[in-house]
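These notes are about the structure you will find just below.
Nothing here was measured: the structure is a model prediction, and the numbers come from that model. Residue numbers start at 1 and run along the sequence shown.
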Amino acid sequence: MKLSGMTDFHPALIAACKNYSAAKFRSDLVAGIVVGIVALPLAIAFAIASGVSPTVGLITAVIGGFIVSACGGNSVQIGGPTGAFIVIIYNIIQLYGISGLAIATFMAGCILLLMGFFKLGTVIKFIPYPIVVGFTAGIALTIFSTQMPDFFGLTINEAVPGDFIGKWRVYIANFNTIDISTLLIGLLSLLIIILTPKVSKRIPGALTAIVLVTVVVWVMREVFGITGIQTIGDRFGNLTPELPEAAKIGLNMESVNLLLPSAFTIAMLGAIESLLSATVADGRTGDRTNCNTELIGQGLANVVVPIFGGIPVTGAIARTMTNITNGGRTPVAGIVHAVVLLAVFMFAMPLINHVPMSCLAAVLIMVSYNMSGWRTVVGMAHDPKGDIWVLVVTFLLTVIFNLTIAIEIGLLLAVVVFLRRITENTTIKVYGEQLDAAAGTDMTQHEVLDLKPGVSVYEIDGPFFFGAATKFDEIVRHSLQENPKVRIIRMRKVPFIDSTGLHNLQLLIESSHREGIRIVLSGVRDNVRAALHNAGIDSLVGAENICDHISKAVVVANSIADGELSDKMIAL
């Protein structure tokens, strides 16, 4: 299927249907049911933590999960609300309300669509790993901090600040209001979540905790009259299975300008998380994700979901891995998972009203623990210091400020570290008397070239870009030979040259000519020579002074030093 010749759009579902069978459907059916059960408590918990109703989380998981599976580029990807979006969604709602969140999510979907159409899927994968680890750990800590009031049953009679430090100041000030029964229910939930996988890895710990603890709390209320433990129904009122009606997105230039940064953050985070999930899934299944189609599928989901009051959608690594583990191999499993959640929404909403808030807090505490990737952070302790600083700065900015600032500054810092490494790896060697033409190659026979007095050779090893251009200029001007007649610039190991390198090279050639020093270029690659030609440097130095091998360059330079070449043979 081609879309206006701009990009190819190949949903994995279409490819899966070509050779589909009853056996595959049975596997997908089982996997879809299991994933639907696993996704149920997470969808509810993520919605509440984001500041919206549990029904919104379920609607998002149903609609978003269906579209991601039907239109995405990965066969086993499970889409829905995820923990990574909690902080962003909560902040947007606090600043701009639910309508602002709908606009930001819709625009994020449009951005993802454009990224897919213009084939930027592979570019997203190039975001440095320390940044991903840093903001993921930062989000995990932020999610953990938001669950303290519900987990401990704190009574807080003041507005809780949005920033991390302000939150903890309020928590500490109100720590004497802990409700013991709520805390015990939270600890019991946490214990069940931790121990369930040790009994059976197929039974989701979060769902087991919710079912058992909800029964316990109901008995405590109805039999023993203990009513201090808050439930979903207490906070949100009795939830009913009412399907939301489609609503208009109030787009205008003012809202676009106001919410574009938030939309960009949602889009970038959604793209990163979904493609990261797809990459992990490919490693397990041996398939290959169409990254651009995956972005288009994610974009469509985020365009449609806010119309029905939903929150941002992306690929969920934990649910995707659960799908693979239980035998899911085609997008049909993801569609089944959406149908299961829809059935729960339609027929089991009254039961959800009895789920304790402290139990959901325990679920999210475990989500934040698993999301933190602390083992990865510890494992990176021996990585280069630059990478560690990128991780730490991104982590701190995510926690103290917000994810938008963290990604922007993290990327900037990563670029600076990268350029520094490239600059350090670009070396300049100076030769003044003899030169081994075979040095640095696989040749076993050495060819020692004698350099006439007045001939200097400067070899650039690495990219000749703005970071290395100044370094080269300083070395040339402070070389041991004060008044050379010829400067050979050996460029066999220069893979590319940028505009700053071209500019500095031109200035060096012009200043050398004014001082009566000739320039000879050696070993220039085709792409570098094309750049020299476009900049007019080949005519400045003279085509005959651009040699394809150092031995030829030395012959030319020695002849110039001996005065054997006339000025007519040297292009200025």
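Atoms OH and OG, on Y90 and S50 in that order, are 10.5 Å from each other to the nearest 0.5 Å. Note: I365 CD1 to T146 OG1 = 9.0 Å, rounded to the nearest 0.5 Å. Between atom CD1 of residue I192 and atom CG of residue L212 there is a gap of 5.0 Å, rounded to the nearest 0.5 Å. The distance from atom CD1 of I44 to atom CG of L364, rounded to the nearest 0.5 Å, is 11.0 Å. The CD atom of Q298 sits 10.5 Å away from atom SG of C71, with the distance rounded to the nearest 0.5 Å. For the atom pair I178 CD1 and T155 OG1, the distance stands at 10.5 Å (nearest 0.5 Å).
Proximity of a side-chain donor or acceptor of N257 to a complementary backbone N or O of M253 within less than 3.5 Å is detected. Judged purely by atom type and a 3.5 angstrom limit, R329 has no side-chain atom pairing as donor or acceptor with the backbone of S75. When atom types are taken as modelled, the side chain of K24 and the backbone of N19 share a donor-acceptor pair closer than 3.5 angstrom. Using modelled atom types, one side-chain atom of T314 and one backbone atom of G270 make a donor-acceptor pair closer than 3.5 Å. Between the T320 side chain and the I78 main chain, a donor and an acceptor come within less than 3.5 Å of each other. In terms of modelled atom types and a separation under 3.5 Å, the side chain of T60 and the main chain of I311 share a donor-acceptor contact. Put simply, the side chain of T330 gets close to the backbone of V332: a donor and an acceptor are under 3.5 Å apart.
Within the 4.5 Å cutoff, side-chain heavy atoms of S145 are placed close to those of F164. In this structure, F135 and I272 have side chains that are in contact, with non-hydrogen atoms separated by less than 4.5 Å. The shortest side-chain heavy-atom distance between T196 and I194 does not fall under the 4.5 Å cut-off. Counting heavy atoms from C-beta outward, P130 and M380 have side chains that approach closer than 4.5 Å. At least one side-chain heavy atom of V363 sits under 4.5 Å from a side-chain heavy atom of I193. Residues P128 and I131 form a side-chain contact, since some pair of their non-hydrogen atoms from C-beta on lies under 4.5 Å apart. You'll find the side chain of I296 stays beyond 4.5 Å of the side chain of M115, heavy atoms only. V399 has its side chain within reach of F395: a pair of non-hydrogen atoms, C-beta onward, lies under 4.5 Å apart.
Looking only at atom types and distance, the side chain of T177 has no donor-acceptor partner in the side chain of N174 under 3.5 Å away. Looking only at atom types and distance, the side chain of Q77 has no donor-acceptor partner in the side chain of S69 under 3.5 Å away. Side-chain contact, D282 with N74: a donor N or O sits under 3.5 Å from an acceptor N or O.
In terms of the side-chain hydrogen bond (donor to acceptor under 3.5 Å, both in side chains) criterion, T214 has no residue partners (sequence neighbours excluded). Residues forming a side chain to side chain contact (heavy atoms under 4.5 Å, CB included) with E245 (at least two apart in sequence, or on another chain): none. Annotation: side chain to side chain contact (heavy atoms under 4.5 Å, CB included) contacts of C110 (sequence neighbours excluded): F106, V303. Judged as a salt bridge (Lys or Arg N to Asp or Glu O under 4.0 Å), and not counting sequence neighbours, D28 has no contacts. Applying the ring-ring contact (aromatic ring centres under 6.0 Å, His included) test to F152 and every residue at least two apart in sequence or in another chain returns F175. V256 meets the side chain to side chain contact (heavy atoms under 4.5 Å, CB included) test with M107, L251; sequence neighbours excluded. D234 meets the salt bridge (Lys or Arg N to Asp or Glu O under 4.0 Å) test with R221; sequence neighbours excluded. Under the side-chain hydrogen bond (donor to acceptor under 3.5 Å, both in side chains) criterion, N302 pairs with no residue at all, not counting sequence neighbours.
Note: Y20 and F25 have perpendicular aromatic rings, judged against thresholds of 30 and 60 degrees for the angle between ring planes.
Listed by first and then second residue, the side chain to side chain donor-acceptor pair (under 3.5 Å) pairs involving residues 262-276 are T82-E273, T265-T404 (not counting sequence neighbours). The side chain to side chain donor-acceptor pair (under 3.5 Å) contacts involving residues 91-116 comprise nothing, where partners must be two or more places apart or lie in separate chains. Pairs passing the salt bridge (charged side-chain N to carboxylate O under 4.0 Å, His left out) check and including a residue from residues 140-157, sequence neighbours excluded, read D150-R235.
Within 6.0 Å of CZ in F85 there are more than 12 heavy atoms belonging to other residues, nucleotides or ligands.
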Which pairs would a plain distance check flag for residues 345-355, meaning a side-chain donor or acceptor within less than 3.5 Å of a matching protein atom at least two apart in sequence or in another chain?
{"from": "N353", "atom 1": "OD1", "to": "L239", "atom 2": "N", "distance (Å)": "2.7"}
{"from": "N353", "atom 1": "ND2", "to": "P350", "atom 2": "O", "distance (Å)": "3.4"}

* To do: Please step through side-chain contact (heavy atoms from CB on, under 4.5 Å) for the pair L113 and L300, ending with a clear verdict.
  => CA-CA 7 Å; L113 285 173; L300 288 172; 3.9 Å; yes
* To do: Verify side-chain contact (heavy atoms from CB on, under 4.5 Å) between Q230 and D179, making sure each step is shown before the conclusion.
  => CA-CA 10 Å; Q230 190 180 48; D179 183 79; over 6 Å; no
* Verdict with reasoning, F151 to L187, per side-chain contact (heavy atoms from CB on, under 4.5 Å) -> CA-CA 8 Å; F151 188 78; L187 291 172; 3.8 Å; yes
* **Steps toward side-chain contact (heavy atoms from CB on, under 4.5 Å) verdict (F264, L269)** => CA-CA 8 Å; F264 179 77; L269 184 57; over 6 Å; no
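Shortest non-hydrogen contact noted between P312 and I89 is CD-CD1, 3.5 Å. The two residues P331 and A12 make their nearest non-hydrogen contact at CG-C, 3.8 Å. Across all non-hydrogen atoms, the minimal contact from G310 to V56 is CA-CG1, 4.0 Å. Across every non-hydrogen atom of G79 and H337, the tightest pair is O-CE1, 3.8 Å. Pairing each heavy atom of I37 with each of P204, the nearest pair is CG2-CG, 3.9 Å. Closest approach of A102 to I249, counting heavy atoms only: CB-CD1, 4.0 Å.
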